[in-house]
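Only one structure is covered here, and it is reproduced in the block below.
Ligands are counted one by one from 1 in listed order, and the atoms in each one are counted from 1 as well. Predicted model, so just to flag it, every value in this text is computed and none were measured.
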Amino acid sequence: MMVASAGAVRRVFLQDVAMRDGLQAEGVFVPTDDKVAFVDALSATGLAKIEVTSFTSPRAIPMLADADEVMRRIARVPGVEYTVLVPNVRGVERALAAPPDEFNLVMSCSETHNLANLRMTRERSVVQLLEVMRLSAEARVPVNVSLSCSFGCPMEGDVPSGEVLDFAETFIDAGARGVTLCDTTGMAYPSQVAVLCTDYRRRFPGAMLTLHVHNTRGMGLANALAALQAGVDRFDASLGGLGGCPYAPGATGNVCTEDLAHMLLLEGCSIGADLPALLDCARRLGALVGHELPGQLVKAGRRLDLHPVPPSVAQSRARAGAP
Ligand code: COA
Ligand code: ZN
């Protein structure tokens with residue numbers, strides 16, 4: 001597949017969510033100093049956007065209870081967007097102490113998952129988030145809305161795509177600059193991703209679209225490729241493949257940032273980010289959380305990182321007089 005040819009390089013925006021989606025499910029609290037240092041390291045890789053933390057209830061997400069301090073202390077690099085997840089009015093009020101470049105609002109397209117994750121009905125979430133959008137507009141901070149379970153709910157099953165697009169419309173009409181279609185527990189498959197992304201782009205040609213997929217069933221990169229072919233140019237991904245919603249049964253990590261970056265570069269896209277720098281950060285993240293991460297590139301190396309020729313082959317070549 002050719003997605004770009006020389007002279008017409010396609011720009012794709014990579015948005016890392018390891019510090020939010022990744023850390024929220026970890027068992028051990030990562031010290032605030034380490035989080036700040038890690039975000040600062042990520043800022044130097046050339047990523048388009050970093051989801052730094054979430055302003056959720058510290059009881060619901062204890063790993064990110066230091067959101068206020070992290071946002072105050074990170075060094076903002078021009079050209080990098082810093083976004084934070086917000087589920088309600090209280091979250092936006094807290095976040096305005098150190099305003100991010102974007103608020104990433106969240107609700108689920110599944111009633112059951114919304115009740116489990118946010119402890120409110122979808123209707124109540126819409127009311128809260130529209131109020132959050134009013135406050136954000138006053139503060140002149142743009143809004144993106146992440147719709148969890150856009151491709152299926154682990155408790156309800158398939159979620160009607162018409163409902164997903166209707167939620168998107170509600171927020172785009174209210175002024176959101178974009179929507180993220182989230183595959184919260186890796187239920188999406190490539191043709192489903194292609195259809196929903198195509199329908200979204202037809203219905204909302206002026207709005208940004210991000211794909212957020214988890215690799216729970218090994219289809220993360222396949223789904224990202226399907227979205228790329230359907231015209232999507234923004235992807236959430238998590239360094240090392242860390243991640244998962246603590247309120248979604250069976251959730252595991254996001255598609256891995258450095259593995260996705262590697263694929264996009266091979267497909268001829270311009271990603272703005274430096275792959276070796278991403279790999280360095282991914283190794284560092286494994287040390288930070290204290291366990292191995294599912295990302296594959298860190299273990300296998302890039303496609304053309306060649307291995308030395310085994311001595312036995314070199315010797316037999318020399319005996320045969322081969323070059
Ligand atoms: N930040 C900090 N504290 C918050 C808060 C926020 N955004 N929202 C609510 N709280 C506090 C309230 O002040 C209250 O505290 P108190 O008991 O000391 O008075 C307490 O949390 C309960 O408030 P309530 O409005 O009843 O919230 P809730 O218990 O129904 O929880 C959410 C609702 C949305 C705050 C909570 O479910 C949540 O944070 N979920 C996040 C889930 C998540 O991030 N999942 C992964 C990402 S998809
Ligand atoms: Zn996620």
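Side chains of His212 and Gln15: no donor on one and acceptor on the other come within 3.5 Å. Looking only at atom types and distance, the side chain of Asp236 has no donor-acceptor partner in the side chain of Thr210 under 3.5 Å away. Counted by atom type alone, Arg319 and Gln315 present zero donor-acceptor pairs between their side chains at under 3.5 Å. Between the side chains of Thr185 and Thr216, not a single donor N or O lies within less than 3.5 Å of an accepting N or O. Checked by atom type, the side-chain pair Asp66/Thr32 shows a donor-acceptor distance below 3.5 Å.
Considering only non-hydrogen atoms, atom 34 (C) of ligand 1 lies nearest to Leu118 out of Val106, Leu118, Ile61. Taking only non-hydrogen atoms, the option from Val86, Asp68, Asp21, Asn88 nearest to atom 9 (C) of ligand 1 is Asn88.
Protein heavy atom at the shortest distance from atom 11 (C) of ligand 1 is Ser57 CB, 4.5 Å. Summary of contacts: the protein heavy atom closest to atom 2 (C) of ligand 1 is Arg94 NH1, 3.1 Å. Remark: minimum distance from atom 40 (N) of ligand 1 to any protein heavy atom is reached at Asn117 O, 3.2 Å. Among all non-hydrogen protein atoms, the one lying nearest atom 6 (C) of ligand 1 is Arg90 CG, 3.5 Å. Closest to atom 38 (C) of ligand 1, if we only count protein heavy atoms, is Ala60 CB, 3.6 Å. Atom 14 (C) of ligand 1 has its closest protein heavy atom at Arg59 NH2, 4.7 Å. Looking from atom 30 (O) of ligand 1 to the surrounding protein, the closest heavy atom is Arg119 NE, 3.2 Å. Of all protein heavy atoms, the one lying nearest to atom 46 (C) of ligand 1 is Gln24 OE1, 3.4 Å.
Side chain of Tyr189 to main chain of Ala222: no donor-acceptor pair is present (N/O by atom type, distance under 3.5 Å, no hydrogens or angles). Side chain of Asn114 to backbone of Met107: no donor-acceptor contact under 3.5 angstrom is found.
Inside a 4.0 Å radius of atom 26 (O) of ligand 1 there is not any protein heavy atom.
Two different hydrophobic clusters hold Leu47 and Val17 under the rule that ILVMFWY side chains link at heavy-atom gaps under 4.5 Å. Under the 4.5 Å side-chain heavy-atom criterion for Ile, Leu, Val, Met, Phe, Trp and Tyr, Val86 and Met120 are members of the same hydrophobic cluster.
In summary, an N, O or S atom of His214 is located under 2.8 Å from the Zn ion (ligand 2). Among the backbone and side-chain atoms of Asp183, none of the N, O or S atoms lies under 2.8 Å from the Zn ion (ligand 2). Checking His212 against the Zn ion (ligand 2), an N/O/S atom falls under the 2.8 Å cut-off.
A salt bridge does not link Arg10 with Asp233: every distance from a Lys NZ or Arg NE/NH1/NH2 to an Asp or Glu carboxylate oxygen is 4.0 Å or more.
Contact atoms of ligand 1 toward Phe55: 6 (C), 7 (N) (distance under 4.0 Å to a heavy atom of the residue). Each of the atoms 7 (N) of ligand 1 lies under 4.0 Å from some heavy atom of Gly91. Each of the following atoms of ligand 1 lies closer than 4.0 Å to a heavy atom of Arg20: 47 (C).
Note on ligand 1: Pro58 sits in its first shell, one or more heavy atoms being nearer than 4.0 Å.
Annotation: Thr56 places an N or O atom under 3.5 Å from an N or O atom of ligand 1; distance criterion only.
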For this session: Let me see the working for Arg134 and Glu131 under salt bridge (Lys or Arg N to Asp or Glu O under 4.0 Å), right down to the final yes or no.
Result: CA-CA 5 Å; Arg134 201 187 56 74; Glu131 175 60 9; 2.8 Å; yes
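As for Asp21, its N/O/S atom nearest the Zn ion (ligand 2) is the one called OD2.
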